[in-house]
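To keep things clear, I will list the structure first and then write my remarks on it.
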Amino acid sequence: NAGVTQTPKFQVLKTGQSMTLQCAQDMNHNSMYWYRQDPGMGLRLIYYSASEGTTDKGEVPNGYNVSRLNKREFSLRLESAAPSQTSVYFCASSDLLNQPQHFGDGTRLSIL
Amino acid sequence: QKEVEQNSGPLSVPEGAIASLNCTYSDRGSQSFFWYRQYSGKSPELIMSIYSNGDKEDGRFTAQLNKASQYVSLLIRDSQPSDSATYLCAVNGGASGGSNYKLTFGKGTLLTVNP
């Protein structure tokens with residue numbers, strides 16, 4: 001039982017490049033989330049999906065887009081990467097919106 | 001704006017002692033409370049959930065919730081060096097805005113257990 005799987009684990013981009021972070025969960029959870037974690041800032045919610053077919057902005061959505069591809073998969077896209085988006089990105093899922101969230105291992109993204 | 005406040009630490013305790021981690025939150029309507037442990041370079045791991053006033057015990061961990069004081073704490077008994085990590089308090093739900101999605105995290109308290 002893998003839980004929440006994120007790919008890739010590490011990535012280095014140049015400013016202006018685009019990329020998509022992938023997330024898949026095998027717990028049959030309804031809700032999925034994308035966070036970024038920066039030193040001194042804690043975990044901040046970028047986007048979330050309460051259920052298949054819906055997405056909503058979180059605290060820091062600018063510069064990102066998301067797609068809830070199906071119940072299992074929730075991707076995060078950086079259209080034009082900026083150095084300020086250098087961070088560790090975590091995907092999480094939960095059965096319902098107010099239930100505990102379970103996190104993937106994270107993607108460490110550096111933008112030069 | 002919902003806020004969750006934690007002392008950043010570091011909190012240093014000797015092996016075998018009780019570590020006490022504290023968290024306050026601003027949204028009086030909050031319904032669900034969680035403690036996560038995060039080792040350096042790793043992802044947050046859920047260790048405790050608490051939903052009602054009082055204490056909840058799980059092994060060496062005890063979560064305490066006081067909604068009137070808007071305060072939640074985590075006690076770790078018989079602390080071990082392997083407990084050295086950052087502990088994140090997270091608060092979910094609440095009447096304001098009608099949205100339950102937002103799991104607001106504190107910035108975490110770094111705990112160091114010295115052998």
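Each chain gets a letter, A, B and so on, in the order its sequence line appears, and its residues count up from 1.
- The stretch residues 84-91 of chain A places A:Phe90 near chain B, each with some heavy atom under 4.5 Å from a heavy atom of that chain.
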Please tabulate, for the side chains in residues 81-91 of chain B, all donor-acceptor contacts under 3.5 angstrom to protein atoms that are two or more places apart in sequence or on a different chain.
| unit_1 | atom_1 | unit_2 | atom_2 | d |
| --- | --- | --- | --- | --- |
| B:Asp83 | OD1 | B:Arg60 | NH2 | 2.9 |
| B:Asp83 | OD2 | B:Arg60 | NH1 | 2.8 |
| B:Asp83 | OD2 | B:Arg60 | NH2 | 3.3 |
| B:Asp83 | OD2 | B:Gln80 | N | 2.8 |
| B:Ser84 | OG | B:Pro81 | O | 2.9 |
| B:Ser84 | OG | B:Val113 | N | 2.9 |
| B:Tyr87 | OH | B:Asp83 | O | 2.6 |

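- With rounding to the nearest 0.5 Å, the separation of NE2 in A:His102 from OG in B:Ser43 is 11.5 Å.
- No chain of hydrophobic side-chain contacts below 4.5 Å, direct or via other Ile, Leu, Val, Met, Phe, Trp or Tyr residues, connects A:Tyr64 to A:Tyr33.
- Here the shortest heavy-atom pairing between A:Pro100 and B:Tyr36 reads C-OH, 4.0 Å.
- Below 4.5 Å, heavy atoms of chain B meet heavy atoms from A:Phe103, A:Gly104, A:Asp105, A:Arg108, all part of residues 103-112 of chain A.
- Atoms CG and OG, from B:Leu46 and A:Ser94 in turn, are 11.0 Å apart once rounded to the nearest 0.5 Å.
- By the criterion of side-chain heavy atoms lying less than 4.5 angstrom apart, applied directly or through intervening Ile, Leu, Val, Met, Phe, Trp or Tyr residues, A:Ile46 is not grouped with A:Tyr48; the two fall into different hydrophobic clusters.
- Within the 4.5 angstrom heavy-atom criterion, no atom of B:Glu45 approaches chain A.
- The hydrophobic cluster containing B:Leu75 does not contain B:Leu11, counting ILVMFWY residues as joined when their side-chain heavy atoms lie under 4.5 angstrom apart, directly or transitively.
- A:Gln99 approaches B:Tyr51 most closely through the heavy-atom pair OE1-OH, 4.3 Å.
- Residue A:Gln37 touches chain B through its side chain alone, counting heavy-atom pairs closer than 4.5 Å.
- Residues B:Val13 and B:Leu21 share a single hydrophobic cluster, defined by chaining ILVMFWY side chains whose heavy atoms lie under 4.5 Å apart.
- One hydrophobic cluster holds both B:Phe61 and B:Trp35 under the rule that ILVMFWY side chains link at heavy-atom gaps under 4.5 Å.
- Within the 4.5 Å cutoff, side-chain heavy atoms of B:Leu103 are placed close to those of A:Tyr35.
- Heavy-atom neighbours of chain A within the stretch residues 105-112 of chain B, taken at a separation under 4.5 angstrom, comprise B:Phe105, B:Lys107.
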